[in-house]
Amino acid sequence: MNKLFFLLALGMISSAFAQEEKARESEKALKNSLNLTWQANEELSENEFVKAEADYRRAISKSGENAIAPYNLGTAYYKKESLEEAFGRFKQAGEIAGEKPEKHKAFHNMGNVFMKNEEYEKAVEAYKEALRNNPSDEETRYNLALAKALAKKQQNQQKDGEDEKKDQKEKEDPQEQENKEDQQDQQEKEGGDQEKEDNKEGEGEEKKEQPKQGEKPEEKNQPKPNQLSPQQIKNLLEAMQNEENKVQEKMNEKKVKGPKSKNAKDW
């Protein structure tokens, strides 16, 4: 029993020593982080932004309890209009901060970033959170009132734009719209009919130009074998008519002279 008690006591003492050692290391890390933060502050005051940025980052990496380093780095970004980076650092500071004054400052500046980006509704929420941590800050209260007014104006502008589009659409003449649709349908129909007619004509021409099976195109206007051409028939009829005229002329001559007398004497 005594041995068990001794072991438990030893374990508790070891744990206490471990926690104390961890606390000392954490305190040491925080101290180093704060020293780097003050150094970065000095560099920033001397307009050495690159060095200051590097030291702020080192300070943040040294300790997760130092809310000043990300807050100051966020402020430096904000002054340079690097709003996305600034917002990220302000948010980080608000999450790390254990005291309300520090949280208030972080959320206040997050609201300022939203105002710069014209995200007024988000700015309203950020300022409200800042006032929860410091209700007496008049600057935050003023910014909240301004953000609310701008958010309302923005909503009205968006609503007016939507109403204008809706009114413009309703003002369109229904009869004119219907006429446009009818005209479009008629054009499409005429185009389809013309296409069908062109296809039909094309098919007719193709059939007309194609010779019959077994027949050569050159033989269409040529006379068949052993058959007289129209010109030959015409010439033959004219010759027959001429012969008939000659015979008729001879018969007419005989009728005029009369029959010859018998035993006529010569002188």
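Just so it is clear, the values below take in all heavy atoms, side chains as well, and ignore hydrogens, waters and symmetry mates. Position 1 is the first residue of the sequence, and the numbers go up from there.
- The 12-atom threshold is not exceeded at NZ of K62, counting heavy atoms of other residues, nucleotides or ligands nearer than 6.0 Å.
- Counting heavy atoms from C-beta on, the side chains of N134 and T140 never come closer than 4.5 Å.
- There is a side-chain donor-acceptor pair under 3.5 Å between E121 and Q155.
- Rounding to the nearest 0.5 Å places CZ of R89 at 15.0 Å from CG of N109.
- Inter-residue side-chain proximity for K148 and K153 is flagged as unmet; no heavy-atom pair is nearer than 4.5 Å.
- In this structure, E125 and K128 have side chains that are in contact, with non-hydrogen atoms separated by less than 4.5 Å.
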Q: Check the pair F87 / Y77 against ring-ring contact (aromatic ring centres under 6.0 Å, His included), numbers first and verdict last.
A: CA-CA 9 Å; F87 179 82; Y77 282 138; over 10 Å; no
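- For Y127 and N112, the side-chain atoms include at least one donor-acceptor pair closer than 3.5 Å.
- Counting heavy atoms from C-beta outward, N66 and I60 have side chains that stay 4.5 Å or more apart.
- Here the NZ-CG distance, from K31 to N35, works out to 7.0 Å after rounding to the nearest 0.5 Å.
- For the atom pair OG (S63) and CD1 (I96), the distance works out to 8.0 Å, reported to the nearest 0.5 Å.
- Using a 4.0 Å cut-off between charged side-chain N and carboxylate O, R57 and E53 make a salt bridge.
- In this structure, CZ in F107 is found 12.0 Å from CG in L131, a value given to the nearest 0.5 Å.
- In this structure, K51 contributes its side chain and E43 its backbone to no donor-acceptor pair below 3.5 Å.
- Residue E46 places its CD atom among more than 12 non-hydrogen atoms of other residues, nucleotides or ligands, all under 6.0 Å distant.
- Hydrophobic clustering, with ILVMFWY side chains joined whenever heavy atoms are under 4.5 angstrom apart, groups M115 together with L144.
- Put simply, the side chain of E81 reaches to within 4.5 Å of the side chain of K116, judged on heavy atoms.
- Cluster annotation: Y56 is not connected to L34 through the hydrophobic network of ILVMFWY side chains, with a link wherever side-chain heavy atoms come within less than 4.5 Å.
- Pairing each heavy atom of A67 with each of A93, the nearest pair is O-CB, 3.6 Å.
- A distance of 8.5 Å separates CE in M110 from CD in E129, rounded to the nearest 0.5 Å.
- When every heavy atom of L83 is checked against every heavy atom of N117, the shortest pair comes out as CD1-OD1, 3.3 Å.
- A distance-only check finds a donor-acceptor pair linking the side chain of T75 to the backbone of Y71 [under 3.5 Å].
- Rounded to the nearest 0.5 Å, atoms CG (L44) and CG (N72) are 8.0 Å apart.
- Side chains of E118 and L150 form no contact here, defined as non-hydrogen atoms less than 4.5 Å apart.
- When the salt bridge (Lys or Arg N to Asp or Glu O under 4.0 Å) test is applied to E119, the partners found at least two apart in sequence or on another chain are K122.
- For the ring pair (Phe, Tyr, Trp, His ring centres under 6.0 Å) condition, no pair includes a residue of residues 130-156, sequence neighbours left out.
- A donor-acceptor distance shorter than 3.5 angstrom exists from the side chain of R141 to the backbone of P135, with no hydrogens or angles considered.
- The side-chain contact (heavy atoms from CB on, under 4.5 Å) test with T37 is passed by exactly one of I68, N32, L73: I68.
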